[in-house]
Number of protein chains: 2
Amino acid sequence: MKYIEKLRNSGLRPTKQRLQICEVLFNSEKTFHFTINDLDQKIKKQISDKISLATIYNTVHAFEKKGYLKQIPINSNQIYFDTNISDHHHFYDLKEEKLIDLENADVGPINILKKINGKKIKSVEVLVKLED
Amino acid sequence: MKYIEKLRNSGLRPTKQRLQICEVLFNSEKTFHFTINDLDQKIKKQISDKISLATIYNTVHAFEKKGYLKQIPINSNQIYFDTNISDHHHFYDLKEEKLIDLENADVGPINILKKINGKKIKSVEVLVKLED
DNA sequence: GTAGTACTTTATAATGATTCTAAAAAGGTG
DNA sequence: CACCTTTTTAGAATCATTATAAAGTACTAC
Ligand SMILES: [Mn+2]
Ligand SMILES: [Mn+2]
Ligand SMILES: [Zn+2]
Ligand SMILES: [Zn+2]
């Protein structure tokens with residue numbers, strides 16, 4: 001199967017649940033943004049087996065740790081994840097409460113002039129809030 | 001008093017609790033970042049009267065609505081607020097779990113090239129994650 | 001294959017930040 | 001002072017997330 005090696009290579013056993021979650025997350029043309037609740041709904045629609053909510057949490061966190069998912073820094077009562085793990089940015093539509101990808105190319109190069117002693121930059125993320 | 005007019009001008013009654021919270025938030029030389037829990041601790045240290053947690057929540061939200069405080073978009077189990085309401089950015093030190101201000105001048109000008117139909121840009125915020 | 005072991009799933013409970021409730025207190029106005 | 005509105009408050013409720021621990025599954029060694 002498509003995702004068995006991917007999981008094995010990360011030291012994650014390719015269980016039925018994880019493979020099914022992979023299908024839901026990574027088998028679509030487009031990448032997308034989701035909360036755990038969104039994902040739970042999507043799984044219910046696409047998968048006939050039941051996957052417990054605890055497993056969904058566990059799996060999403062495991063995938064995030066392995067770099068298959070990213071968290072998006074945003075203030076919300078739920079955590080937003082992204083299946084687009086490329087270096088990119090986001091619009092946040094305040095009215096629709098929706099995230100929209102903003103590719104690196106759509107943002108001029110960002111040059112952080114200030115340096116912090118003994119620290120390295122791990123990521124630079126831009127959030128552009130949108131209103132009507 | 002210093003903050004009575006400020007509150008009245010915003011349509012907020014200058015209660016004892018709000019004035020005391022103003023002292024803690026706005027009377028220091030430097031601006032700072034805080035969670036509600038941080039603020040609760042700070043109030044306990046600096047103010048002899050007890051202020052209920054509900055009032056702290058109410059007041060912080062009222063001040064945010066009036067523009068005296070800003071929320072910082074970041075993934076945490078608590079909401080981070082900023083008494084620095086100027087247009088600026090942040091470092092986030094992942095190990096220390098601390099925010100550091102990054103003035104606009106410390107970030108090159110940011111040019112958002114992509115436009116979203118019918119939407120205006122309300123804010124552009126950069127989060128720079130730091131590791132050792 | 002079987003046995004042994006570590007990992008995973010699961011239902012359920014616990015946690016904890018935040019919000020809600022509704023009654024008491026305080027502010028503002030005349 | 002009355003009157004009305006806003007605010008404070010203790011405590012309860014909410015709800016996303018995490019922890020627990022027992023049952024199930026995957027892998028390894030023989
Ligand atoms: Mn289904
Ligand atoms: Mn803190
Ligand atoms: Zn994205
Ligand atoms: Zn700041």
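Chain naming here is simple, since letters A, B, ... match the order of the sequence lines and numbering starts at 1 in each. As the structure is a computational prediction, the values presented were derived from the model and not from experiment.
Look at CD1 on B/Ile79: it is 14 Å from C1' on D/dC15, rounded to the nearest Å. The CG atom of B/Asp38 sits 13 Å away from the C1' atom of C/dA17 (whole-angstrom rounding). Atom P of nucleotide D/dG11 and atom OH of B/Tyr57 are separated by 17 Å, given to the nearest angstrom. For the pair A/Asn58 CG and D/dA16 C1', the computed distance is 15 Å after rounding to whole Å. The separation between B/Asp49 atom CG and D/dT8 atom P is 13 Å, rounded to whole Å. Per the geometry, CD belonging to A/Glu5 stands 15 Å off C1' belonging to D/dA26, to the nearest Å. Remark: C1' of C/dT19 and NZ of B/Lys65 are 14 Å apart, rounded to the nearest angstrom. In this structure, A/Tyr80 places its OH atom 12 Å from P of D/dA16, rounding to the nearest Å.
Using a 3.5 Å distance cut-off with no hydrogens or angles, the side chains of A/Lys30 and A/Asn84 do not pair a donor with an acceptor. Judged purely by distance below 3.5 Å, without hydrogens or angles, the side chains of A/His89 and A/Asp101 never pair a donor atom with an acceptor atom. A donor atom on one side chain and an acceptor atom on the other are found under 3.5 Å apart for B/Thr35 and B/Asp38. Between the side chains of A/Tyr3 and A/Asn27, at least one donor N or O sits under 3.5 Å from an acceptor N or O.
In terms of phosphate contacts, B/His61 brings a side-chain nitrogen or oxygen within less than 4.0 Å of OP1 or OP2 of C/dT19. Distances shorter than 4.0 Å separate some side-chain N or O of B/Gln17 from OP1 or OP2 on D/dT9. Neither OP1 nor OP2 of C/dG27 sits under 4.0 Å from any side-chain N or O of B/Arg8.
Heavy atoms of A/Asn37 sit nowhere under 4.0 angstrom from any nucleic acid atom. Heavy atoms of A/Thr55 sit under 4.0 angstrom from at least one base atom.
Taking 3.5 Å as the limit, the base of D/dT7 and the side chain of B/Arg18 contain no donor-acceptor pair of atoms between them.
Proximity note for B/Lys50 (side chain, C-beta onward) versus D/dA10, D/dT8, C/dT18: the nearest is D/dA10. Between D/dT17, C/dA17, D/dT8, one nucleotide has an atom nearer to the side chain of B/Thr15 than all others, and that is D/dT8. Closest to the side chain of B/Pro14, from the set C/dG28, C/dT9, C/dA17, is C/dG28.
Position along DNA chain C of the nearest nucleotide to B/Leu12 versus B/Ala54 favours B/Ala54 as the more 5'-ward residue. Of the residues near DNA chain C, B/Lys16 and B/Leu53, the one whose nearest nucleotide (by heavy atom distance) lies more toward the 5' end is B/Leu53.
Geometrically, B/Lys122 does not engage A/Tyr92 in a cation-pi contact defined by less than 6.0 Å to the ring centre and at most 45° from the axis.
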